[in-house]
Amino acid sequence: QRDLLFAAGIRRAAAAVSDDAARALSLQVFRSVSSTNTLIREAAAQGAPEGLVILAGNQTAGRGRLGRSFFSPE
């Protein structure tokens, strides 16, 4: 199976829009995480730079609006 999310491809696509945007991106790509929102909040609390983007193929404990859980298959 081919991974659809990969940092190099995302950077190329961003560079096609703007070289500055591509350079400003700080990407973390995971196959599976509990929650991208939880990870980004933890990273921010630890001083992560503005522009950090966390992507995942699926989430096992994702939450939507109003804290509602949702199904996030790969």
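Heads up: numbering here begins at 1 and tracks the sequence.
Residue Ile54 shares its hydrophobic cluster (ILVMFWY side chains chained together at separations under 4.5 Å) with Phe30, Val33, Leu39, Ile40, Leu52.
When atom types are taken as modelled, the side chain of Gln28 and the backbone of Leu55 share no donor-acceptor pair closer than 3.5 angstrom. A donor-acceptor pair under 3.5 Å is absent between the side-chain atoms of Arg11 and the main chain of Phe6, judged by distance alone.
Residues Thr60 and Ser32 come closest through the heavy atom pair CG2-OG, 3.8 Å. Ala56 and Thr36 get closest at one heavy-atom pair: CB-CG2, 3.9 Å.
Atom OG of Ser35 sits about 5.0 Å away from atom CG of Asn37, to the nearest 0.5 Å.
Val53 places none of its side-chain heavy atoms less than 4.5 Å from the side chain of Ser26.
A search for side-chain hydrogen bond (donor to acceptor under 3.5 Å, both in side chains) contacts involving Ser34 returns nothing, not counting sequence neighbours. Partners of Ala45 under the side chain to side chain contact (heavy atoms under 4.5 Å, CB included) rule, at least two apart in sequence or in another chain, do not exist in this structure.
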